[in-house]
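Note sheet for the following structure.
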Amino acid sequence: MSAAPEVHEFQAETRQLLDLMVHSIYSNKDSFLRELISNASDALDKLRLESLLDKDLDVDTSDLHITLTPDSDARTLVVADNGIGMTRDEVVGLIGTLARSGTAEIRRSLAEAREKGVSDAAAEELIGQFGIGFYSTFMVADKVSLVTRKAGETTGTRWESTGDGTYTIDDVPDAPQGTSVTLALKPVDTEDHLYDYADKSKLRQLVKRYSDFIAWPIRMDVEKTVPVETPGSDTESDEDKTPETKTIVEEETINSMKALWAKSRSEVSDEEYQEFYRHVSHAWDAPLETITLQAEGTFEYQALLFIPTQPPFDLFMRDSKVGIHLYVKRVFIMDDCAELMPEYLRFVKGVVDAADLSLNVSREILQQDRQIRAIRRRLTKKVISTVTEMRDSRPDDYRTFWDGFGRVFKEGLVNDPDNRDALLKASSFASTHSEEELTTLADYIGRMKSGQDTIYYMTGESRQQIVNSPHMEAFRAKGIEVLVLSDPVDEMWVSAGAEFDGKSFQSIAKGAVDLGADDEETDDTSKEEQNKAYADLLSWLTTTLSDDVSETRLSSRLTESPACLVGDTFSMSPQLEKLYRASGQQFPKSKRALELNPDHPLVEALNKAYAAGDHDKLVPTAKLVYGMAVIAEGGELEDPAEFAKLLAGSLTESFGAGSDS
Ligand code: ADP
């Protein structure tokens with residue numbers, strides 16, 4: 001006799017998710033079947049590959065398939081495969097806990113959802129976001145029992161749960177190899193979108209709809225009525241009799257198994273593409289864009305790629321994977337094939353089927369393979385051009401894409417110099433031209449003032465910080481458009497020497513700006529005079545503030561503020577420095593120039609006071625002017641307490657208190 005099954009508790013977050021799943025009226029309960037079939041299909045793929053790679057693996061792979069066995073009377077449905085199967089540890093690890101790595105993320109989202117009082121819509125969104133696969137069975141079943149035996153092992157494992165907080169694990173000595181999942185179905189409740197999943201015509205309909213393209217046969221027993229063949233029944237005397245019939249049971253393959261990527265676009269419906277996308281990406285949303293590519297010639301391959309609508313929760317996590325599956329002549333070789341897509345396009349999902357690769361190709365070989373590199377180049381270009389087309393023809397979809405994936409896409413501007421032009425063309429940017437709308441670089445150039453030969457931008461942490469920065473003042477006054485770049489990655493590509501259409505990018509917070517005067521001549525003379533009038537103050541400030549600034553000069557970019565800080569053309573911006581420091585790198589403090597607005601009353605007053613003598617008394621004011629310039633651009637003061645102290649002293653003095661006059 002085998003020992004009693006072990007009882008385990010679900011992890012807290014698994015339990016919460018289950019609870020959410022069971023109690024939300026998720027409208028698409030049908031999709032549990034897609035999830036089970038998808039898992040079974042993956043398991044068959046893995047077994048076939050394993051048997052190709054490991055000649056010692058003693059398994060029969062001659063008839064790999066999936067079976068559906070409904071039982072109306074018992075109200076059960078069994079979904080079985082003779083694929084790779086799972087070890088006991090895998091069952092505990094993969095099924096007993098949430099398979100996905102984003103447990104912390106899920107916990108956070110759940111907590112938020114609960115705070116908001118988990119509406120059905122929120123629950124649906126959560127479920128959709130995490131695509132919780134196997135657990136979706138609890139939407140339709142009161143009890144789920146999984147029996148599995150890993151290829152090459154002798155003992156199997158049974159996992160069983162009613163989805164209420166615990167599950168049991170048990171050894172099964174005589175389990176068939178592969179996995180079978182038995183669902184004890186909930187009562188039909190069509191109002192709750194719970195249909196009769198023991199009904200064969202319903203199952204057939206669902207398989208057609210969700211899983212028709214699955215590359216393995218999905219079989220189901222069907223009853224057929226056939227005439228009873230009795231000898232002599234075709235003689236003329238029997239003509240008036242109704243022929244006798246009988247019911248026989250025959251196993252039938254209910255999916256067409258057509259590989260969608262091998263078909264031309266016109267032969268495949270949007271729904272079919274959508275279900276295939278869900279299968280390869282394990283996502284529950286619909287693709288925003290479907291890309292097909294069929295290459296003939298030296299390297300023959302077919303690709304079917306998707307751009308998702310919703311960014312996955314792990315898009316920015318370290319182990320976020322490239323989403324391309326590699327097939328060789330319809331045989332699954334590997335998923336997450338990083339060699340086929342650059343990292344900045346890691347959100348693209350789909351399949352590449354290459355005709356001329358060896359079936360037991362390894363990742364090491366792939367990295368060296370010329371064909372793979374050629375495919376990758378072509379796919380990269382195709383994805384970028386598709387994004388450009390989407391922008392021109394479907395602006396709303398493009399906006400969805402850009403809001404979800406723009407930040408990742410722009411990583412390519414840094415990492416893929418060969419495609420930088422195409423990437424810049426496909427990208428959009430916030431700008432001072434419009435608060436809501438994004439602009440293309442071509443449109444920006446179209447709006448450039450005559451005589452303007454660079455694309456102006458400013459980087460920062462938020463739109464508000466950038467737009468309110470003193471550096472913006474003269475640009476605003478003269479109506480010159482500035483790109484508002486607030487993603488961390490923006491810092492990287494603008495400083496990597498990008499150019500567009502022969503125009504370079506210039507930060508309005510760096511170098512000298514000469515925006516051209518309305519009246520050149522008088523301006524030149526008045527400038528000269530101002531410089532003379534301020535020369536002594538400027539050099540005194542440079543010395544006094546030498547710990548913090550490289551020089552002090554008069555500004556032509558300020559109209560309202562008294563002062564701002566300006567970097568060298570090639571210097572790092574404060575944001576970039578912060579990024580590097582955050583990543584643990586050491587930097588000597590870089591000094592920037594302090595620019596003063598000679599027309600500001602504070603600066604004028606400071607100059608007068610300087611001319612009157614007693615320069616030591618002006619030191620606190622000098623420090624305050626510098627501090628204000630830091631704060632105005634949204635920067636951080638090195639010593640806020642000292643600044644506050646200086647400010648308090650200065651305010652006190654302005655009220656006449658504390659002074660001896
Ligand atoms: P996923 O979205 O990763 O498929 P699931 O919860 O559906 O999440 O499944 C978790 C993991 O359990 C799978 O990634 C797979 O490794 C394993 N698994 C599920 N079903 C099967 C099966 N029929 N045969 C073998 N392994 C399976």
Side-chain angles (χ1 to χ4, degrees), residues 10-11 13-15 17-18 21 31-51 59 61 64-69 77-103 105-106 126-141 144-153 156-161 163 167 169 172 175-183 210-211 214-216 218 277-285 308 312-314 319-321 323 325 332 334-336 349:
F10 284 119
Q11 284 183 333
E13 47 277 352
T14 309
R15 203 165 51 230
L17 202 57
L18 265 170
M21 185 126 232
S31 34
F32 83 94
L33 188 64
R34 175 189 69 210
E35 297 298 319
L36 287 181
I37 290 177
S38 229
N39 284 346
S41 164
D42 290 349
L44 294 166
D45 284 342
K46 281 181 203 155
L47 180 63
R48 172 161 63 179
L49 190 66
E50 196 60 36
S51 70
V59 284
T61 55
L64 298 178
H65 64 275
I66 300 164
T67 48
L68 303 185
T69 316
L77 171 65
V78 183
V79 179
D81 64 73
N82 54 353
I84 189 91
M86 284 175 271
T87 63
R88 185 186 174 110
D89 285 350
E90 282 170 341
V91 173
V92 174
L94 298 169
I95 300 295
T97 62
L98 270 176
R100 297 308 181 85
S101 56
T103 341
E105 195 73 8
I106 294 177
L126 261 182
I127 293 164
Q129 204 177 344
F130 297 113
I132 51 180
F134 178 75
Y135 282 102
S136 60
T137 49
F138 287 103
M139 294 192 299
V140 300
V144 178
S145 160
L146 173 144
V147 175
T148 185
R149 179 163 66 81
K150 179 104 175 180
E153 305 232 338
T157 306
R158 178 185 291 109
W159 178 98
E160 224 163 54
S161 178
Y167 62 88
I169 284 271
V172 184
Q177 182 243 306
T179 303
S180 79
V181 179
T182 304
L183 308 180
Y210 293 124
S211 313
I214 291 291
W216 305 101
I218 302 171
Y277 159 76
R278 290 178 171 173
H279 170 65
V280 290
S281 68
H282 291 246
W284 289 40
D285 60 340
F313 68 91
D314 62 351
D319 56 354
S320 172
K321 298 206 175 84
H325 298 219
F332 170 82
M334 66 178 76
D335 46 21
D336 309 323
K349 307 288 175 194

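What's counted below: heavy atoms across the whole structure, side chains too, no hydrogens, waters or symmetry copies. Note that ligands are numbered from 1 as they come in the structure, with each ligand's atoms numbered from 1 the same way. Sequence positions, counted from 1, serve as the residue numbers for this chain.
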Side chain, backbone, both or neither: which part of Asp81 has a heavy atom under 4.0 Å from ligand 1?
side chain

Is there a side-chain contact between [X] and [Y] in this structure, where contact means two heavy atoms from C-beta onward sitting under 4.5 Å apart?
| X | Y | value |
| --- | --- | --- |
| Leu47 | Gln177 | yes |
| His279 | Ser211 | no |
| Val144 | Tyr135 | no |

Is it true that a side-chain atom of Thr148 and a backbone atom of Gly178 form a donor plus acceptor pair closer than 3.5 Å?
yes

Atom indices of ligand 1 within 4.0 angstrom of His282 heavy atoms, with elements
1 (P), 2 (O), 4 (O)

Proximal atoms of ligand 1 relative to Phe134 (non-hydrogen, under 4.0 Å)
5 (P), 6 (O), 7 (O)

I want to know if ligand 1 touches Thr179 in the polar sense, i.e. an N/O pair below 3.5 angstrom.
yes

